[in-house]
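Below you'll find the structure, written out as structure tokens, and then a few comments.
Proteins get letters first, then strands, A, B, ... in listed order; numbering begins at 1 in each. Fair warning: this is a prediction, and the values are worked out from it, not measured in the lab.
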Number of protein chains: 2
Amino acid sequence: MAGHGETGAMTPRERYRAQVRAEIKERAWEQIATAGVPALSLNAVAKSMGLSGPALYRYYASRDDLLTELVRDAYASLAATLRAAAATGADLAGLAHALRGWALEDPQRYFLIYGTPVPGYHAPDDTTRIASQIMAMLLDASAALVPEGPPTLFGTHLDEHRDWADGHPAPSAALHRALSFWTRLHGVLSLELAGQFTGMGFDPAQLFAAELRDLLTP
Amino acid sequence: MAGHGETGAMTPRERYRAQVRAEIKERAWEQIATAGVPALSLNAVAKSMGLSGPALYRYYASRDDLLTELVRDAYASLAATLRAAAATGADLAGLAHALRGWALEDPQRYFLIYGTPVPGYHAPDDTTRIASQIMAMLLDASAALVPEGPPTLFGTHLDEHRDWADGHPAPSAALHRALSFWTRLHGVLSLELAGQFTGMGFDPAQLFAAELRDLLTP
DNA sequence: AAGGCTTCGTTAGAAGCTATCACGCAGCTG
DNA sequence: CAGCTGCGTGATAGCTTCTAACGAAGCCTT
């Protein structure tokens, strides 16, 4: 039942195995960060560690398996970042700031979660669990500052489709705000990270800030 | 100086060549649409046409070359769609509708333009020209219905960085609106196309409509 | 109309990748 | 300390992109 990150109470073999698995992920990360996911090569990772190609298959069943693990880690990293921000009393704006910082830290990691989907690929179940944790944090922060107002058309639609909120007591206006928060910030962020604004002259950070302002003061 | 799409005044060789190039792109498109860009294989395309692998290199210098051509076509297709909508008197909402329809028609084509960037890759120059044409249409539509109002913070920032508007006479408020239009709709659309809303129960179209409404009535 | 030149498609091959297998060796474990 | 478990290796199959050399077909000019 060991082998889930805790370094205590492991046999030497398990310790070694965990260490090698971690180093493999680290090297894979570097490759992805510099050349993108399609350039990730198990062979190159192995050679960069002084190993021969097939050796990696002792640690990951396939290239897809390794990638899945990286997706899992990316989700966990984002959730931890947002959780840390929320723990220090950050409101929606604070979460937005944390999100942007996390994304700029490693754009390819962001795209590993929110980028172009591969038609065949299905994310593992636990990532959707983490995703709903992230959503829960967003809902908390949204509910904390949702003002009075007439119910929106989409809000009434959400009233009948709020299963995804997983029993969260937030009013539908907060659900709507959380979704807009997500989609708008992703809109600015993904286009910025993709370099779609390069050469346009303006500062993407200010566009992000403007979108955030518009989101918080309706 | 021939060979740019017009079928008239071509030697038989040029005709044949253009035809084969078109069929290659068509097959490549099918592969991308069903299995994504990483699954695009020149070999498979060749075999599906009854050719042997290396034959394709008479028509495209490399796999990247073919992909670049597809990116070009995707840009041109989007621009044509928006232009057609604008020609029938569509306002910003009409453009949004056209954009969404075009994206849903072939999600991978959308991601080919706005999806995860490959760190090494640089889009050819003419695509940025088409991109600025698209931007010009957006600016036209934005300027057509920009109401009075106090200048936004980001608007004043744009006043000093409006080179990308390419001499368009729209006020900075219209520039701001066009950018928000772009980023917000891309935010909803890309997440929807990526399947990030699947299992959440609500209707992405209604979220799109809500974002559009919010965009048009400030 | 006939020769010559251009272009096309082929096979063969190099280099790279994922992934599997069989083997030997080292080290943990009882 | 003996034995078993797990690790790393090289060999191999099959896939990929892409280059090179060769033969054949067709267009163009004379």
Distances under 3.5 Å between nitrogen or oxygen atoms of protein and nucleotides 1-4 of chain C:
none

Inset, instruction - Report yes or no: do A/Ser62 and A/Tyr57 form a side-chain donor-acceptor pair below 3.5 Å? - result: no
Inset, instruction - Provide, to the nearest angstrom, the distance between the CZ atom belonging to B/Arg17 and the C1' atom belonging to D/dA25. - result: 16 Å
Inset, instruction - Look at the side chain of B/Arg177 and the backbone N and O of B/Ala143, then say whether any donor-acceptor pair between them is shorter than 3.5 Å. - result: no
Inset, instruction - Measure the distance from CE on B/Met49 to C1' on C/dT10 and round it to the nearest whole Å. - result: 15 Å
Inset, instruction - Give a yes or no answer on whether the side chain of A/Thr11 reaches the backbone of A/Glu14 with a donor-acceptor pair at less than 3.5 Å. - result: yes
Legend entry - Parallel, tilted or perpendicular: rings of A/Phe197 and B/Trp182 (30°, 60°): perpendicular
Pairs under 3.5 Å (N/O, protein and nucleotides 25-30 of chain C):
none

Inset, instruction - Show your working on salt bridge (charged side-chain N to carboxylate O under 4.0 Å, His left out) between A/Glu69 and A/Arg72 and close with a plain yes or no. - result: CA-CA 5 Å; A/Glu69 192 76 16; A/Arg72 219 188 304 267; 3.7 Å; yes
Inset, instruction - Verify the neighbour count for atom NE2 of A/His97: are there more than 12 heavy atoms of other residues, nucleotides or ligands below 6.0 Å? - result: no
Inset, instruction - Report the C-alpha separation of A/Asp214 and B/Arg184 in whole Å, then their side-chain angles, then the decisive distance to 0.1 Å, and conclude whether the salt bridge (charged side-chain N to carboxylate O under 4.0 Å, His left out) test is met. - result: CA-CA 12 Å; A/Asp214 209 68; B/Arg184 290 189 195 179; 2.8 Å; yes
Inset, instruction - Record whether the side chain of B/Arg58 comes under 3.5 Å of the base of C/dG9 through a donor-acceptor pair of N or O atoms. - result: yes
Legend entry - B/Trp164 side chain to B/Ser132 side chain, donor-acceptor N/O pair below 3.5 angstrom: no
Inset, instruction - Whole angstrom is fine here: how far is it from CG in A/Leu67 over to P in C/dT18? - result: 11 Å
Report, one pair per line, the protein and nucleotides 13-20 of chain D atoms (nitrogen or oxygen only) whose separation is under 3.5 Å.
unit_1: D/dT16; atom_1: OP1; unit_2: B/Ser41; atom_2: OG; d: 3.4
unit_1: D/dT17; atom_1: OP1; unit_2: B/Leu42; atom_2: N; d: 2.5
unit_1: D/dT17; atom_1: OP2; unit_2: B/Asn43; atom_2: N; d: 3.1
unit_1: D/dC18; atom_1: OP2; unit_2: B/Tyr57; atom_2: OH; d: 3.2
unit_1: D/dC18; atom_1: OP2; unit_2: B/Arg63; atom_2: N; d: 2.6

Legend entry - Phosphate-side-chain proximity, A/Tyr16 and D/dG6, N/O vs OP1/OP2 below 4.0 Å: no
Inset, instruction - Grab the OH-P distance between A/Tyr60 and D/dG8 for me, whole Å please. - result: 13 Å
Legend entry - Under 3.5 Å side-chain donor-acceptor pair for A/Glu211 and B/Ser180: yes
Legend entry - Atom-pair distance (OH on A/Tyr59; C1' on D/dT9), nearest Å: 13 Å
